[in-house]
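Note: hydrogens, waters and symmetry copies are ignored here, and every other heavy atom, side chains too, is used.
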Amino acid sequence: MDAPPGWRRGGNLPAELASFIGRGEHLRRLTEMLAASRLVTVTGPGGVGKTRLAVRAAGSQHGRFPDGVWMADLSQVRDPQMVPHALIAALELQDRSTRDRVDFLVDFLRDKELLLVLDTCEHLVAECSELVERLLSGYGVRVLVTSRQPLGLDIEQRLPLPPLDEADAVELFLERASLVQPDLAPDRQTVAQICRHLDRMPLAIELAAGRLSALSAEQILSLLNDRFRLLRREAHGVGPTRHHALRATMGWSHELCEANERLLWARLAVFAGSFDLAAAKYVCASDELPEAEVASALTGLVDKSIVTRTPTSGRYRLLDTIRAYGAERLEELDETAWLCSRHRDYYLDLARQAERSWSKGSRQVYWYLRMVVEHPNVMASMEHCLATPHEIERGLDLAASLWFLWHACGFTGEGAHYLDRALKASRRPSRERCKALWVRAFVASGQGDIEGAERLARRCAEEAALLGDSEAMTYASKMTGLCAYLRGDFPRATAYLELAVKSFRAESGLNPGLLPAIVELAQCLGAQGRPENAEQLLSECLDLCEANGERWVRSYAYWALADVHRALGRTSRAITSAQRALRSKREFHDVIGSLLVMETLAWLLTDGSPDAASAEQAALLLGAAEAGWRRFGLERLFGSPPFMDQSEEAVRRAVAVLGEGAFQEIADKGAAFDLDEVIARAVA
């Protein structure tokens with residue numbers, strides 16, 4: 001599969017937030033192994049620095065891989081079926097098709113030259129092993145894995161990562177000490193003893209150094225002596241293993257925290273990925289930890305290196321090993337179920353806020369960006385709901401509330417997965433289930449699965465009739481009309497969409513269905529030779545969009561308006577409308593919408609008797625669009641007969657001007673461009 005429009009080759013490797021100390025020999029060996037082997041796994045216990053070494057090694061490889069270096073963090077993936085989705089997201093791809101996700105990845109990576117870093121795989125070894133074996137069928141792909149245990153593949157080269165050398169361990173402690181107390185100069189011999197007690201484990205060293213804001217190095221050593229004497233007695237004289245050393249250090253660090261910091265550490269373990277202060281206050285506050293004290297306790301944990309804070313975003317995160325320790329303390333407190341419920345409440349409410357704002361047209365770009373950042377926590381809440389029998393209805397609610405994320409923001413395959421799971425777990429008709437059914441139909445239509453969308457809309461209508469759920473009935477009508485439109489059955493589509501628009505208009509304010517239904521109805525009317533009626537509807541839609549700040553549907557309204565102008569002989573205005581639509585698509589990374597508009601622009605540019613410049617631009621757009629449809633595994637233009645006819649006619653007209661060879665050469669050039677570059681050329 002060619003590199004498609006919308007996919008950049010640079011990679012997504014995170015910036016190193018701390019200096020890299022020691023590991024020179026291991027870095028050299030890992031670099032050599034990556035040059036010689038297509039699969040290398042860095043193994044070692046938690047906290048030994050596997051991820052840091054992998055990031056440093058991968059960062060040095062950019063020049064070797066034309067398609068970039070990409071990293072997928074699997075630490076928070078709990079559902080094995082979500083591993084391919086995590087890779088698709090890490091590669092910044094969108095897969096809107098219904099095809100198998102692993103097949104999609106294999107096809108996409110087959111001719112790529114890139115390095116893929118899979119971080120934290122030990123809880124998904126079987127799934128990662130199977131996936132990596134499939135991915136390596138692509139000649140140019142190399143994979144670097146971090147895991148506490150190897151994947152077990154024959155071609156796998158393994159690099160066990162031991163603790164730091166003593167000199168490097170001391171240097172790491174002193175470097176972290178300078179961040180805590182810049183004027184402090186701890187005795188190196190004392191520091192060396194501390195590092196030996198910590199078995200020279202980097203994470204343990206960083207935790208200990210973080211205590212220098214309150215303790216001297218000598219006090220830290222004394223406390224560690226006590227801790228490890230106890231550990232050796234408990235182990236019947238056997239010295240602590242590296243795993244025990246790290247756990248002992250976390251236990252010691254835990255004990256030295258203030259009471260509210262210890263409680264907050266345990267409760268923060270419920271978060272997946274990063275979180276902000278507002279989330280920490282809502283989820284973690286209680287009578288024992290008042291909301292007013294959460295901020296100071298969180299600051300204390302940051303100062304002690306328990307929690308990391310990203311200055312640019314102001315968001316917080318726990319390393320996976322530290323989170324796991326906190327989760328154990330949470331179990332001991334018997335608060336896990338309560339915290340998961342609080343976490344679910346917060347992110348379900350956040351999803352509902354986002355849906356309301358999106359539906360009303362308020363701050364759509366903000367909510368798109370916000371929900372992308374909150375994605376790990378939202379998915380953790382989803383997993384909790386779907387794994388807890390009495391929470392299934394809330395899971396349906398959460399999955400359905402995120403319709404805009406699934407359909408408009410590129411998470412289509414993931415949305416289909418969670419909606420299917422939620423619907424399978426709940427067979428009893430309910431309003432939540434009806435909503436999930438029409439949302440699933442909406443997602444299916446975006447995947448090009450028109451038959452599936454029709455089936456889901458029909459089921460929604462049947463269950464809504466049993467419940468007397470008129471709102472769900474309206475959405476079922478809207479989805480049935482959309483499917484008929486995509487099939488080219490315009491009279492049937494018009495009947496259903498007119499019914500839906502009438503019902504939506506009866507509601508106060510905007511809702512998720514009104515504006516899309518108006519656009520779809522206008523397209524049906526235009527296709528039946530009624531462009532004036534279509535223009536009237538689209539003008540109404542654009543007025544509503546402008547009045548409410550709606551931007552996503554507005555882009556589709558301008559796209560539809562281009563067809564109206566075209567039918568009325570206003571070619572220049574049609575091109576302007578299509579260009580306005582294309583500019584808006586970039587705000588939401590709406591790649592499918594961009595492909596539709598690119599096709600329309602190509603049709604417009606070849607209308608009548610195009611000159612060479614117009615034919616060349618059309619060929620560029622057609623080539624880029626074709627690569628994009630192929631990249632998503634979708635039939636071009638969803639196989640819609642009226643769309644396909646126009647696309648084929650545009651190709652014939654451009655070939656007539658340029659000649660078949662020149663047309664193909666320009667189309668191939670378009671296929672190789674990034675989406676932003678194609679759009680920039682199209683709207684210039």
Audit row: Ile450, Arg487, side-chain contact (heavy atoms from CB on, under 4.5 Å) steps and yes/no: CA-CA 8 Å; Ile450 310 306; Arg487 289 190 183 280; 3.8 Å; yes
message: Please evaluate residues Tyr368 and Trp552 with respect to the criterion ring pair (Phe, Tyr, Trp, His ring centres under 6.0 Å), reporting the C-alpha separation (whole Å), side-chain torsions for both, the decisive distance (0.1 Å), and the verdict.
response: CA-CA 11 Å; Tyr368 160 59; Trp552 182 62; over 10 Å; no
query: Between Glu355 and Trp403, does a side chain to side chain donor-acceptor pair (under 3.5 Å) hold up when you go through it step by step?
result: CA-CA 8 Å; Glu355 180 191 23; Trp403 63 266; 3.1 Å; yes
task: Test Gln664 against Lys669 for side-chain contact (heavy atoms from CB on, under 4.5 Å), laying out the working first.
output: CA-CA 9 Å; Gln664 193 58 54; Lys669 186 185 298 184; over 6 Å; no
task: Tell me, with the steps shown, if Ser647 and Glu599 meet side chain to side chain donor-acceptor pair (under 3.5 Å).
output: CA-CA 7 Å; Ser647 184; Glu599 296 268 11; 3.2 Å; yes
message: side-chain contact (heavy atoms from CB on, under 4.5 Å), that's the test. Do Tyr485 and Thr494 meet it? Break it down for me.
response: CA-CA 8 Å; Tyr485 164 68; Thr494 300; over 6 Å; no
query: Under the side chain to side chain donor-acceptor pair (under 3.5 Å) criterion, do His85 and Asp79 qualify, and how do the steps go?
result: CA-CA 10 Å; His85 290 272; Asp79 181 353; over 6 Å; no
- prompt: Could you go step by step and tell me if Val143 and Arg38 meet the side-chain contact (heavy atoms from CB on, under 4.5 Å) rule?
  reply: CA-CA 6 Å; Val143 180; Arg38 298 187 58 214; over 6 Å; no
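Closest non-hydrogen pair, Val77 versus Ala86, comes out as CG2-CB, 4.0 Å. The two residues His565 and Ser577 make their nearest non-hydrogen contact at CD2-OG, 3.4 Å. Leu109 and Leu91 make their closest contact through CD2-CD1, 4.3 Å (heavy atoms, listed as atom of the first residue, atom of the second, distance). Heavy atoms only, all atoms of each residue included: Leu497 and Leu482 are closest at CD2-N, 4.2 Å. Residue Phe490 comes nearest to Pro642 through the heavy atom pair CZ-CG, 3.7 Å, listed as atom of the first residue, atom of the second, then distance.
In summary, the aromatic rings of Phe404 and Phe411 are positioned with their centroids too far apart to meet the 6.0 Å limit.
In this pair, Trp559 and Tyr556 present their aromatic rings perpendicular. The plane angle is above 60°, beyond the 30 to 60° band.
With sequence neighbours left out, Glu113 forms a salt bridge (charged side-chain N to carboxylate O under 4.0 Å, His left out) with no residue at all. For Glu374, the salt bridge (charged side-chain N to carboxylate O under 4.0 Å, His left out) partners at least two apart in sequence or on another chain are Arg315, Arg370. Take Gln579 and apply the side-chain hydrogen bond (donor to acceptor under 3.5 Å, both in side chains) test, not counting sequence neighbours, and it matches no residue. Taking Arg652 as the reference, Glu649 meet the salt bridge (charged side-chain N to carboxylate O under 4.0 Å, His left out) condition, with sequence neighbours excluded. Looking at residues two or more places apart in sequence or on another chain, you find no side-chain hydrogen bond (donor to acceptor under 3.5 Å, both in side chains) involving Thr606. Shown here are the salt bridge (charged side-chain N to carboxylate O under 4.0 Å, His left out) partners of Arg530, two or more places apart in sequence or in another chain: there are none.
Looking at heavy atoms from C-beta onward, Leu582 lies in side-chain contact with Met598 at the 4.5 angstrom threshold. Between Thr600 and Leu604, the closest side-chain pair of non-hydrogen atoms falls below 4.5 Å. Gln81 has its side chain out of reach of Glu127: every pair of non-hydrogen atoms, C-beta onward, lies at least 4.5 Å apart. Inter-residue side-chain proximity for Trp438 and Thr474 is flagged as unmet; no heavy-atom pair is nearer than 4.5 Å. Counting heavy atoms from C-beta outward, Glu550 and Leu515 have side chains that approach closer than 4.5 Å. Between Asp103 and Asp107, every side-chain heavy-atom pair lies at or beyond the 4.5 Å cut-off.
Judged by distance alone, the side chains of Ser357 and Trp367 do bring a donor and an acceptor atom under 3.5 Å apart.
Relative to the six-membered ring of Tyr558, Lys585 misses at least one condition, a distance below 6.0 Å or an angle of at most 45° to the axis. Cation-pi contact between Lys112 and Phe108: present, with separation from the ring centre below 6.0 Å and deviation from the ring axis of at most 45°.
The distance from the NE2 atom of His407 to the CZ atom of Arg440 is 12.5 Å, given to the nearest 0.5 Å.
Tested against Cys434, the residues Glu462, Arg459, Glu463 include a single side chain to side chain contact (heavy atoms under 4.5 Å, CB included) partner, Glu463.
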